[in-house]
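Okay, structure first, notes after.
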Amino acid sequence: MQSFFIAAALVLCLLILLSLYRGVFGPTVFDRIIGAGFIGTKTIILLLLMGFIFNRIDMFIDVALAYSILNFIGTLVVSKYFIRKGVK
Amino acid sequence: MSTLTVIFMVAGLFFFTTATIGFLRFPDFYTRMHATAKGDTLGTLLFLIGLAVYILHHGFHWLDLVQSIKLIFIAVFWFLASPTATHALLRSAFESDLAPWTKDGKAVIEWPPKGGEK
């Protein structure tokens with residue numbers, strides 16, 4: 001079971017790397033915001049998997065909960081900030 | 001019980017990969033947002049259910065119940081938060097006159113929208 005968690009965490013890291021491409025080369029700034037949000041979601045799952053791997057579950061659940069709330073608020077604030085005419 | 005965990009987590013990984021593929025391959029911001037927001041919300045839910053099942057399968061204990069409830073709370077919170085964040089992002093992109101993609105380049109809806117409810 002332990003090795004399955006590690007394998008899942010590695011696949012998630014690969015997915016984060018893939019979605020980083022759009023985060024860097026995304027044509028518009030909004031693609032970068034999605035990239036950040038998308039990586040944030042996967043980081044929550046990665047945090048939980050690390051909790052299960054190091055079997056300190058209770059600590060990592062709280063960290064993941066706090067991070068998911070911050071990720072949500074961050075996306076809201078950044079999307080409200082980037083409203084301007086003729087985005088490029 | 002642990003096979004159930006594996007099934008849920010593989011399903012979660014599947015939805016994460018499809019969301020990533022959609023995020024990379026779709027031509028336009030709106031279509032990418034479409035793929036990403038739904039993909040990772042469902043992926044998160046499946047993953048967290050798998051982990052919650054894994055906690056409880058060691059034998060029932062009150063402490064484990066609290067942890068799995070917190071896990072399910074993260075999934076419920078993300079089910080509420082993701083559509084809101086997606087809506088805010090789409091609204092700001094729409095108001096920044098980001099034209100939606102069309103196959104032949106001609107705008108289907110009249111673009112840029114005249115004023116709207118500004």
Side-chain angles (χ1 to χ4, degrees), chain A residues 1 4-5 7-8 11-12 14-23 25-31 33-35 37-42 44-49 51-52 57-58 60-62 64-69 71-88, chain B residues 2 5-6 9-10 12-13 16-17 19-21 23-26 28-30 32-33 35-37 39-41 43-44 46-48 50-51 54-55 57 63-64 66-71 73-75 77-78 80-82 84-99 112:
Chain A
M1 210 48 190
F4 178 69
F5 286 146
V11 171
L12 273 175
L14 178 72
L15 291 179
I16 285 179
L17 207 63
L18 282 177
S19 58
L20 201 59
Y21 164 77
R22 187 63 72 186
F25 297 111
T28 63
V29 70
F30 297 105
D31 299 320
I33 301 174
I34 312 179
F38 200 42
I39 293 175
T41 316
K42 287 206 267 295
I44 301 169
I45 303 294
L46 214 58
L47 272 170
L48 287 170
L49 281 175
F52 278 85
I57 300 173
D58 43 6
F60 277 91
I61 285 183
D62 301 339
L65 187 60
Y67 185 72
S68 68
I69 294 170
N71 185 27
F72 165 55
I73 290 174
T75 310
L76 283 185
V77 167
V78 168
S79 66
K80 187 59 79 177
Y81 177 74
F82 275 109
I83 295 182
R84 67 185 187 288
K85 283 307 157 214
V87 65
K88 193 52 233 134
Chain B
S2 71
T5 315
V6 171
M9 290 177 71
V10 166
L13 274 179
F16 269 131
T17 38
T20 311
I21 293 168
F23 182 43
L24 292 177
R25 278 182 55 85
F26 277 154
D28 160 83
F29 161 73
Y30 297 103
R32 279 182 213 126
M33 192 79 227
T36 312
D40 62 15
T41 315
T44 308
L46 288 173
F47 241 102
L48 293 180
L51 293 178
Y54 178 72
I55 292 180
H57 102 285
L63 183 60
D64 297 344
V66 168
Q67 284 168 4
S68 61
I69 285 174
K70 264 195 274 189
L71 268 177
F73 176 70
I74 296 179
F77 169 75
W78 192 247
L80 298 174
S82 182
T84 321
T86 313
H87 176 73
L89 198 54
L90 281 173
R91 187 176 171 73
S92 68
F94 194 75
E95 276 169 13
S96 307
D97 289 352
L98 186 63

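Sequence lines set the chain letters: A, B, ... in the order given, protein chains first and strands last, and positions in each chain run from 1.
- Contacts of A/Ile16 with chain B are absent, with no heavy-atom separation under 4.5 Å from either backbone or side chain.
- Between the side chain of B/Ser82 and the backbone N or O of B/Trp78 there is no donor-acceptor pair closer than 3.5 Å.
- Among A/Thr41, A/Leu48, A/Leu14, A/Asp62, the residue with the largest count of heavy-atom pairs under 4.5 Å with chain B is A/Thr41.
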Residue pair A/Thr28, A/Asp31: steps toward the side-chain hydrogen bond (donor to acceptor under 3.5 Å, both in side chains) verdict: CA-CA 6 Å; A/Thr28 63; A/Asp31 299 320; 2.9 Å; yes
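- Atoms CE and CG, from B/Met9 and B/Leu48 in turn, are 9.5 Å apart once rounded to the nearest 0.5 Å.
- In summary, the aromatic rings of B/Tyr54 and A/Phe5 are positioned with their centroids under 6.0 Å apart.
- For A/Phe38, the parts lying under 4.5 angstrom from a heavy atom of chain B are both the backbone and the side chain.
- Using a 4.5 Å cut-off between heavy atoms, B/Ala19 touches chain A through backbone and side chain atoms alike.
- Distance check, rounded to the nearest 0.5 Å: CD1 of A/Ile83 to CD of B/Glu95 gives 4.5 Å.
- Note that CD1 of A/Ile33 and CZ of A/Phe82 are 5.5 Å apart. Values are rounded to the nearest 0.5 Å.
- Judged by distance alone, the side chain of B/Arg32 and the main-chain N or O of B/Phe26 form a donor-acceptor pair under 3.5 Å.
- With respect to chain A, the highest number of heavy-atom pairs below 4.5 Å among B/Gly39, B/Ser92, B/Ala88 belongs to B/Ser92.
- By number of non-hydrogen pairs under 4.5 angstrom with chain B, the leading residue of A/Ile69, A/Ile44, A/Ile73 is A/Ile69.
- Contacts of A/Leu18 with chain B are made by both backbone and side-chain atoms, with heavy-atom separations under 4.5 Å.
- Looking at B/Thr84, both its backbone and its side chain come within 4.5 Å of chain A, counting heavy atoms on both sides.
- For chain A, no part of B/Leu90 is nearby; none of its heavy atoms comes within less than 4.5 Å.
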Test side-chain contact (heavy atoms from CB on, under 4.5 Å) applied to B/Leu51 and A/Leu49, step by step: CA-CA 8 Å; B/Leu51 293 178; A/Leu49 281 175; 4.3 Å; yes
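- Of the listed residues (A/Asn71, A/Thr75, A/Ile61), the one with the most heavy-atom contacts under 4.5 Å to chain B is A/Ile61.
- For the atom pair B/Leu89 CG and B/Phe94 CZ, the distance stands at 14.0 Å (nearest 0.5 Å).
- A salt bridge does not link A/Asp58 with B/Lys70: none of the charged nitrogens is closer than 4.0 Å to a carboxylate oxygen.
- When the candidates A/Phe72, A/Tyr21, A/Tyr81 are compared by the number of heavy-atom contacts under 4.5 Å with chain B, A/Phe72 comes out ahead.
- Using a 4.5 Å cut-off between heavy atoms, B/Phe16 contacts chain A through both its backbone and its side chain.
- The residue among B/Phe23, B/Phe29, B/Phe73 with the most heavy atom pairs within less than 4.5 Å of chain A is B/Phe23.
- Among the candidates A/Leu15, A/Leu12, A/Val78, A/Val11, the residue making the largest number of heavy-atom pairs closer than 4.5 Å to chain B is A/Leu15.
- Residue contact with chain A, scored on non-hydrogen atoms closer than 4.5 Å, involves the side chain of B/Phe47 exclusively.
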